[in-house]
Amino acid sequence: MPQKKKLKAELYDNVNHLCRRYMDRVARFYLCYDFVPDVTALQKAILALYEQAPVFHSLFKANPVKPYWLVTDFTIDDVLTVKKTDNLQNAAICFLEQPVAIDEPSQMKIALIHDTQKCILAFRWNHMLMDGGGFKQFTADLCAAYNYFVSASGEKPTFRNGTRRYDAVYADMPQEMKKKAKQQIAGVSAREKRTLPFTEKDGTEQTHIVYHSVSADVMQKAIAVAKQNGATVNDLMAAAYIAAVYALTGQEEKPLNLSCAVDLRRYMRNPEKIGYTNHTTFMYCRVPQLGKTPLDTLLSVSESNKKNKADPFLGLHGIPLLSFAYSSMIYQQADAVVKLFYNNANLALSNVGAVEQYNFTLDGHPVTDALVAGGAKKKPCAAATALTCNGKLTISVCTRGNEKDVAMLGKFFAEFEHYLRSIAPK
């Protein structure tokens, strides 16, 4: 009997496995359409991607010396569930709130949830596979494959089967910059002790995806104000998050640090050449206090982020230290050492960006709505993930909490929207 193929556990695989101490390591996403896709074409598209990316159907083996992925056999039923229901939204959220076991034949679960006229295409996957940026590429490739198989015409889609290595981030850098980038030694500890007012753990905690949408009209007006003042969309969302934290915790005259995601594909000339993987780190947006006006808060956030972006090695500072740990020690030792200086941020924001219609249209049907959510993190972490679809912003926090925590996060999102409305012209 032939031996199963092994794949190397890359740096970000190991780092994300470390995060099992803080969260369930599952990322979530869904897309809504005003039609019901052809199941056979969808199955063919999924199988085509899985053939190119065997890590999707691999078991992670946390070998104490050198971990690896063991490629395993699977069937389409291990990946895709098709369900007809009268309540698409509830069924989708219920599907997304479930875990993905690390020893499953498929490290991604996909559900086609539909009624007679509409559907939600929902995904949950082991975050060790890829981040939001990688998943947007995966989904675009899946949609292209579906369109090819449903029509049996057009250009045959291509898939990402390039490297998953962390050091692909250095490949396009000039030699001198590359040398300096690999010397950026720094810790990766979170810098903010303040938390949202979660309840104490009481044994009733479950996985909850708490989400909130802000209309395209409000977002358009708020974004216009931000751009008029030299701020970005990311600055705007960070300011709304920070204002909401102050609204719930007080202490308006004290500084606050928000951990913001940085996609390291920014350093690559052709990021589409890499495989489906993780390339995300964080930067810290620091404000000295809550601004006297909403605009003051936005300008304070913008100034902080501009200073961060002036650093030619933004987001690269922790990588050499992590690489040294995992390459110079056996895995069990490295895991223990990295744990000592790695802390999960209590306050964090990741913006996946816009869901582009040209990438996500299925057989001529545009996306009508979308949602993204990160891993279910333990209290008191409030890691928010956001995206825009057709101009509407949807932001979520996935938490291991109780009903009181869910209500508190509802208030947090109400304050988040209040900030955006307060900065937008009436």
Side-chain angles (χ1 to χ4, degrees), residues 4-31 42-63 66-82 92 94-113 121-143 145 159-166 207 209 274-280 331 335 352 372-377 385 398:
K4 296 274 188 178
K5 181 181 179 182
K6 294 181 180 180
L7 304 174
K8 179 183 177 182
E10 301 293 350
L11 175 67
Y12 288 125
D13 299 340
N14 293 331
V15 173
N16 276 282
H17 187 244
L18 172 76
C19 292
R20 68 192 181 277
R21 296 176 173 88
Y22 315 108
M23 61 174 176
D24 66 0
R25 301 186 323 276
V26 178
R28 289 118 168 142
F29 194 91
Y30 76 45
L31 297 166
L42 181 60
Q43 290 173 333
K44 289 180 179 179
I46 292 169
L47 291 172
L49 263 78
Y50 266 55
E51 182 179 344
Q52 293 296 319
V55 72
F56 291 159
H57 57 97
S58 299
L59 314 180
F60 184 74
K61 298 293 186 179
N63 183 284
K66 190 175 183 179
Y68 59 91
W69 294 96
L70 182 65
V71 180
T72 188
D73 297 328
F74 75 103
T75 68
I76 191 62
D77 292 334
D78 294 318
V79 187
L80 179 65
T81 300
V82 180
C94 182
F95 171 81
L96 293 179
E97 288 177 344
Q98 303 307 307
V100 176
I102 206 162
D103 57 354
E104 298 247 12
S106 171
Q107 290 297 295
M108 178 184 292
K109 301 294 183 180
I110 304 174
L112 173 59
I113 302 166
L121 195 56
F123 307 80
R124 68 178 194 268
W125 70 95
N126 181 346
H127 210 320
M128 295 164 66
L129 299 180
M130 55 189 167
D131 54 19
F135 183 74
K136 282 182 71 178
Q137 187 60 67
F138 168 87
T139 318
D141 291 346
L142 179 66
C143 291
F159 305 114
R160 306 302 180 264
N161 58 1
T163 181
R164 299 182 69 247
R165 288 180 57 88
Y166 81 95
T207 297
I209 300 174
I274 63 172
Y276 308 111
T277 187
N278 288 278
H279 275 293
T280 300
Y331 173 72
D335 195 56
V352 174
V372 63
K377 295 198 173 183
T385 50
C398 190

* Structure fact -> Value for CG (Asn63) from OH (Tyr68), rounded to nearest 0.5 Å, stands at 6.0 Å

* Sequence-distant partners of Asp77, side chain to side chain contact (heavy atoms under 4.5 Å, CB included), two or more places apart -> Thr75

* Pairwise side-chain contact, Val82 with Gln43, heavy-atom cut-off 4.5 Å (strictly under) -> no

* Rounded distance (nearest 0.5 Å) linking atom CG of Asp13 with atom CG of Leu129 -> 8.0 Å

* Residues two or more places apart in sequence or in another chain: which of them pass side chain to side chain contact (heavy atoms under 4.5 Å, CB included) with Arg165? -> Lys8, Glu10, Thr163, Asp167

* Asked: Are the side chain of Asn126 and the backbone N or O of Gln107 linked by a donor-acceptor pair below 3.5 Å?
  -> no

* Report yes if the side chains of Cys398 and Arg28 come closer than 4.5 Å at any heavy-atom pair, otherwise no. => yes

* Might you point out which heavy atoms bring Gly374 and Thr385 nearest each other, and give the distance in Å? => N-OG1, 3.6 Å

* Asked: Is there side-chain contact between Leu7 and Arg164, with at least one heavy-atom pair below 4.5 Å?
  -> no

* Spell out, as yes or no, whether a donor-acceptor pair under 3.5 Å connects the side chain of Asn278 to the backbone of His127. => yes

* To do: For Asp141, check side chain to side chain contact (heavy atoms under 4.5 Å, CB included) against everything at least two apart and list the hits.
  => Leu49, Gln137, Phe159, Arg160, Tyr276

* To do: Could you list all the salt bridge (charged side-chain N to carboxylate O under 4.0 Å, His left out) pairs where at least one residue sits in residues 44-61, not counting sequence neighbours?
  => none

* Asked: Looking only at heavy atoms, what is the nearest atom pair of Thr72 and Pro105, with distance?
  -> CG2-O, 3.5 Å

* To do: Under the side chain to side chain contact (heavy atoms under 4.5 Å, CB included) rule, what do Leu42 and Leu121 come out as? Steps first, then yes or no, please.
  => CA-CA 10 Å; Leu42 181 60; Leu121 195 56; 3.9 Å; yes

May I have the list of side-chain donor-acceptor pairs in residues 97-104 shorter than 3.5 Å, sequence neighbours left out?
| residue | atom | partner | partner atom | Å |
| --- | --- | --- | --- | --- |
| Glu97 | OE2 | Ile209 | N | 3.0 |
| Gln98 | NE2 | Cys94 | O | 3.0 |
| Glu104 | OE1 | Lys109 | NZ | 2.9 |

* Structure fact -> Residue set satisfying side chain to side chain donor-acceptor pair (under 3.5 Å) with His57, at least two apart, ordered chain then number -> none

* Asked: Side chains of Arg20 and Met128: closer than 4.5 Å at any heavy-atom pair?
  -> no

* Identify the two heavy atoms, one from Phe60 and one from Ala9, that lie closest to each other, and give their separation to 0.1 Å. => CE1-CB, 3.8 Å

* Structure fact -> Across all chains, not counting sequence neighbours, the side chain to side chain donor-acceptor pair (under 3.5 Å) partners of Ser106 are Tyr50

* Structure fact -> The salt bridge (Lys or Arg N to Asp or Glu O under 4.0 Å) partners of Arg25 (sequence neighbours excluded) come to none

* To do: For Ala45, check side chain to side chain contact (heavy atoms under 4.5 Å, CB included) against everything at least two apart and list the hits.
  => Leu142, Ala145, Tyr146, Phe149

* Are the side chains of Leu70 and Ser58 in touch, meaning some heavy atoms are under 4.5 Å apart? -> no

* Pairs meeting criterion salt bridge (charged side-chain N to carboxylate O under 4.0 Å, His left out) with involvement of residues 122-133, two or more places apart -> Asp131-Arg265

* Asked: Considering residues at least two apart in sequence or located in another chain, which fulfil the ring-ring contact (aromatic ring centres under 6.0 Å, His included) criterion with Phe135?
  -> Phe29, Phe123, Trp125, Phe138

* Asked: Can you tell if the side chain of Val79 reaches within under 4.5 Å of the side chain of Phe74, non-hydrogen atoms only?
  -> yes

* Structure fact -> Hits for side chain to side chain donor-acceptor pair (under 3.5 Å) against Asn16, two or more places apart or cross-chain, chain-then-number order -> none

* Any side-chain heavy atom of Tyr166 within less than 4.5 Å of one from Asn14? -> no

* From Ile110 CD1 over to Ile46 CD1, what is the distance, rounded to the nearest 0.5 angstrom? -> 4.0 Å

* Approximate separation, where rounding is to 0.5 Å, of Tyr331 OH and His17 NE2 -> 4.5 Å

